[in-house]
Structure formats: C-alpha cells, structure tokens
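Written below as structure tokens is the structure these notes are about.
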Amino acid sequence: MKREDLRLYFICGSSNVEGDTLKVIEEALESGVTMFQLREKGQDALEGKALVNFAETIRSLCRKYDVPFIVNDDAQLAERVGADGIHLGQDDQTVTSLSPYFDDKIIGLSVRDRYELDRSELSAVDYIGTGPVFPTHSKDDAGSTIGVEGLAEMRSRIKELPMVAIGGINTENFRSCLRNGADGVSFISAIAEAEDVGQAVRGFLK
Ligand code: TPS
C-alpha cells in the first residue's frame, strides 16, 4: 500500500446514510477519496447474501475509481469478495490469525493509545487508525478522545508506520491532524451525512 492512499479515507455502511448508500459512496469515490472501508454495523446491518452483493458492488465501484477497498472486521467477507484489505479493531481477531489470503493484502489496525500499541502485533500491519481524536457519534464504544496531542505522541512512538487519524474529523479540524503526524484523515459522518457529498470531498482535497 502507498502511504498517500491514507490521505482521504472514507468509511461507510448502510446505517450511516439516510438515502441511497451506494450513490453516496460512488459520489465520494468520483470526487476523489483515496481509500474506502465498508463498515456494515448496527441494528439494520445487511447480512448474508445481501451483504455479499452489497460488498461486491462496492468492490466494483472502488476498482472503477482505482481506490483500495477495505472491509472492516469481517475477514471471511473480505476474502469472499476479493477486497484489497481488512481493518481490525483491538477486540476483533488478531492480525496474526488472518488467512494466507491477506499475506499480500492491506492490513489496518485501530490503535488508540500507547497501551493498545504495547499489546499490538505490528509486524504484519500496514497502517494504524488512531483516535477518536475528537468527539464522535458514529461509534458507541470509541472511548474518550485523544486530541491532536494523542496523535503526535503516537507518531513519535511508531516512527515511520503509516497512520490515519479518525474520530470527529471535519473540514474545520482536519489540518490539525495532518500537522500532528497523521498521514491522512478518515471519517464517516463528515462525508456520509454531508448535504453535498462531492462538495465535502472537494473541500478536503483543496
Ligand atoms: C481506519 N473507529 C474509531 S472512531 C470511529 C471508528 C469507526 C468513528 C468515526 O466516525 N480507524 C480506521 N477504521 C476504523 N473503523 C476505526 C479506526 C474505528 P466519524 O468520522 O463520524 O467521527
């Protein structure tokens, strides 16, 4: 994976969008997001064949725009639909227990702070997602915020490992994340809930 792929990392599932999720994802891809993660969570989350179909459609969209397609948490789904990688949390399966399919795929891991860093097996990890930097309403168990100070501290500990900032990031505060050691910024609501998705993405890219 290229470090630059983390620049503008959009994460989305069907519960994050009020209207047509695929339309929002395509608009974001077309407008220039550099990486995409399917995170299908919540009460009305798609399951079974419907989830596979949804993921396959998104994989095709990501290919069309030449953007890496990452699946959150579900290694079986990632492998089944031929995703470019997987993103795991601290409570998900370990990065070292992934199938050989992932040997040449992108592996991301959420690492909030130095305590999580100490218990993470980073040798197989291509990038980490660090946060929540700011308050977020998109993840119930996100924990307390780490601020840009938390990002800067993480950068000093991980040396050159690619790191994307996450949690409550928007068009106002994303620059402070990049100034404090993040290679890129990722977000759900700033794009999924934007009135004009294309305008929101282009606002970040400017
Ligand atoms: C790359 N995570 C931490 S905070 C948050 C999520 C999903 C909510 C952000 O929503 N790093 C990566 N992927 C992940 N899934 C996580 C961390 C976990 P909002 O932008 O609306 O605040």
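Whatever order the structure lists them in is the order used to number ligands and atoms, beginning at 1.
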Review point. Do the ring planes of Phe174 and Phe204 sit parallel (below 30°), tilted (30 to 60°) or perpendicular (above 60°)?
Key: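 Answer is perpendicular, since the angle exceeds 60°.
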
When the ring planes of Tyr9 and Tyr127 are compared, do they come out parallel, tilted or perpendicular, using 30° and 60° as the limits?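 Taking Tyr127 first and then Tyr9, their aromatic rings stand perpendicular (interplane angle over 60°).
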
> Would you call Arg157-Glu153 a salt bridge at under 4.0 Å N-O?
Replying inline: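 Answer for the salt bridge query: yes.
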
Exercise for the section: Indicate yes or no: at least one non-hydrogen side-chain atom of Phe69 is less than 4.5 angstrom from one of Leu38. Expected result: yes

Heavy-atom count around Asp104 CG within 6.0 Å, excluding the residue itself: above 12?
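Enclosed.
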
May I ask you to check whether over 12 heavy atoms, not counting those of Arg39, lie within 6.0 Å of atom CZ?
yes

Would you please determine whether Gly108 falls within less than 4.0 Å of ligand 1 on a heavy-atom basis?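 It does not; every heavy atom stays at 4.0 Å or beyond.
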
| query | Does some non-hydrogen atom of Phe134 fall short of 4.0 Å from ligand 1? | reply | no

Which option wins on minimum heavy-atom distance to atom 11 (N) of ligand 1: Arg112, His87, Lys139?
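Considering heavy atoms of Arg112, His87, Lys139, the nearest to atom 11 (N) of ligand 1 sits in His87.
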
Closest heavy-atom approach to atom 10 (O) of ligand 1 among Ser138, Gly129, Cys12 is made by Ser138

Please check: side-chain N/O of Thr130 versus main-chain N/O of Val111, any donor-acceptor pairing under 3.5 Å?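 Indeed, once roles are kept as given, a pair shorter than 3.5 Å links the two residues.
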
Location of contacts on [X] toward ligand 1, heavy atoms closer than 4.0 Å:
X      : answer
Ile166 : side chain
Ile11  : side chain
Arg39  : side chain
Asn72  : side chain

>> Pairing donors with acceptors under 3.5 angstrom, does anything connect the side chains of Gln90 and Ser120?
In response: yes

Consider only side-chain N and O atoms of Ser14 and Glu40, and report whether a donor and an acceptor are under 3.5 Å apart.
-> yes

Going by the order shown, which atoms of ligand 1 are within less than 4.0 Å of some heavy atom of [X]?
X      : value
Gly167 : 22 (O)
Ser110 : 11 (N), 16 (C), 17 (C), 18 (C)
Phe187 : 20 (O)
Tyr9   : 1 (C)
Ser189 : 19 (P), 20 (O), 21 (O)

Please say whether Gln37 places an N or O atom under 3.5 Å from an N or O atom belonging to ligand 1. yes

